[in-house]
Protein chains: 2
Amino acid sequence: MKDIRSRLIKLFKQGYCTPQIARIAKKIKEPATTIHYNIKKLEKEEAIKTYKAVFDYKKIEEGYCIYILVNLIQENYAEPEKIAKEIAKDSRVESVDVVTGDYELIIKLRCKNIDEYYEYAKEAIKKYGFAKTISLTSLKQVKTEFVELN
Amino acid sequence: MKDIRSRLIKLFKQGYCTPQIARIAKKIKEPATTIHYNIKKLEKEEAIKTYKAVFDYKKIEEGYCIYILVNLIQENYAEPEKIAKEIAKDSRVESVDVVTGDYELIIKLRCKNIDEYYEYAKEAIKKYGFAKTISLTSLKQVKTEFVELN
DNA sequence: TATAAAAATTGTATAATATTCAATTATTTA
DNA sequence: TAAATAATTGAATATTATACAATTTTTATA
């Protein structure tokens with residue numbers, strides 16, 4: 001056995017997909033070449049970042065999803081973006097935003113289970129200088145990445 | 001002019017993409033048929049929900065991104081999932097989760113600007129029975145949908 | 001508002017890619 | 001340990017994307 005599966009999941013999280021021009025052409029009843037031209041234009045202006053897969057995360061061992069609201073320690077308070085970029089590198093992080101209000105950052109994280117989350121949290125607090133965090137554990141993921149999950 | 005662009009964006013938000021088998025085969029140095037077989041298996045077990053595009057949302061007039069923490073009114077408190085499913089139907093909603101803690105729901109929303117957001121908020125409070133909301137406006141989207149935005 | 005330049009649409013031809021199928025190998029089950 | 005099931009693979013075929021040139025539409029400018 002070659003465990004192609006896990007390598008596919010890794011690649012599909014961020015890319016290795018492409019538009020279905022023929023299907024779109026049929027759907028919106030325009031010539032495939034017109035569709036092709038317009039897609040290339042969107043790509044050229046970098047309005048499209050990538051094409052990727054959306055998973056049912058429970059089925060790929062990433063069913064534990066948490067939103068983390070973060071206050072940074074004083075030293076890091078002035079450069080939340082730099083910290084956010086560090087945080088973004090972790091493959092379990094679905095999203096990171098620098099935000100207004102009572103918190104500096106909001107992270108959306110996908111882990112296998114609560115134990116893996118605990119490991120992440122312990123490390124992150126030290127590594128990224130979190131002063132305080134509030135975690136909202138997802139009980140039910142109704143929609144992700146614009147895709148309804150039912 | 002046919003305004004193919006906006007129709008493409010709409011389709012690409014949730015689908016109309018497909019894996020690049022040849023590219024993956026080259027990348028991980030396995031036969032294309034093996035890749036094909038493994039992808040179909042992932043699809044069959046519904047581990048993969050769809051293939052879609054990720055946008056630079058500023059470039060498609062959806063640059064205003066907000067996380068909304070929601071408390072439901074007493075009447076709706078017992079069925080957050082039902083409300084979440086209603087919320088999920090709106091195409092501006094990237095994600096909705098039912099969560100633990102001080103709030104019942106967390107919504108990630110993408111709008112054109114603050115005005116559009118205000119319209120959404122006004123309507124949502126009534127329509128979905130929000131008792132109280134806290135909005136975290138994204139100042140900088142560092143990573144979304146597992147894709148770093150720089 | 002006429003005209004030139006640029007951008008967008010389109011059909012045809014071709015190149016690239018996915019998919020089918022049958023054979024082989026590996027793994028699991030009883 | 002044999003039989004059944006699942007996974008890997010190469011060759012043939014079907015489908016799809018892409019390149020290209022021609023045409024139409026839109027925009028810019030005098």
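All of these numbers come straight from a predicted model, not from anything done at the bench. Chain identifiers are assigned alphabetically (A, B, ...) following the order of the sequence lines, protein sequences preceding nucleic acid strands; residue numbering begins at 1 within each chain.
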**Student:** Please determine if B:Arg23 forms a cation-pi arrangement with A:Tyr16, meaning its NZ or CZ atom is less than 6.0 Å from the six-membered ring centre and no more than 45° off the ring axis.
**Tutor:** yes
**Student:** Which residues, if any, of residues 16-25 of chain B bring a heavy atom under 4.0 Å of DNA chain C?
**Tutor:** B:Pro19, B:Gln20, B:Ile21, B:Ala22
**Student:** Going by the side chain to side chain donor-acceptor pair (under 3.5 Å) test, which pairs reach into residues 53-62 of chain A, not counting sequence neighbours?
**Tutor:** A:Lys13-A:Glu62, A:Tyr57-A:Glu145
**Student:** May I ask you to verify if any side-chain N or O of A:Lys41 is less than 4.0 angstrom from the OP1 or OP2 atom of C:dA8?
**Tutor:** yes
**Student:** Aromatic rings A:Tyr64 and A:Tyr117: how do their planes relate, parallel, tilted or perpendicular, breaks at 30° and 60°?
**Tutor:** tilted
**Student:** Could you tell me whether B:Lys143 and A:Glu94 make a salt bridge, using a distance below 4.0 angstrom between a side-chain N and a carboxylate O?
**Tutor:** no
**Student:** Name each donor-acceptor pair under 3.5 Å that joins a side chain in residues 123-133 of chain B to protein atoms two or more places apart or in another chain, with its distance.
**Tutor:**
none

**Student:** Could you go over nucleotides 24-27 of chain D and give all protein N or O partners under 3.5 Å, atom names and distances?
**Tutor:**
{"from": "D:dT26", "atom 1": "OP1", "to": "B:Met1", "atom 2": "N", "distance (Å)": "2.7"}

**Student:** Would you indicate whether A:Leu139, at its atom CG, is surrounded by more than 12 heavy atoms from other residues, nucleotides or ligands within a distance under 6.0 Å?
**Tutor:** yes
**Student:** Roughly what angle, to 10°, lies between the helix axis at the start of the helix from C:dT1-D:dA30 to C:dA30-D:dT1 and the one at its end, five pairs per end?
**Tutor:** 60°
**Student:** Would you find more than 12 non-hydrogen atoms of other residues, nucleotides or ligands less than 6.0 Å from B:Lys122 atom NZ?
**Tutor:** yes
**Student:** Going by number, which of residues 31-40 of chain B have a non-hydrogen atom under 4.0 Å from DNA chain D?
**Tutor:** B:Pro31, B:Thr33, B:Thr34, B:Tyr37, B:Asn38
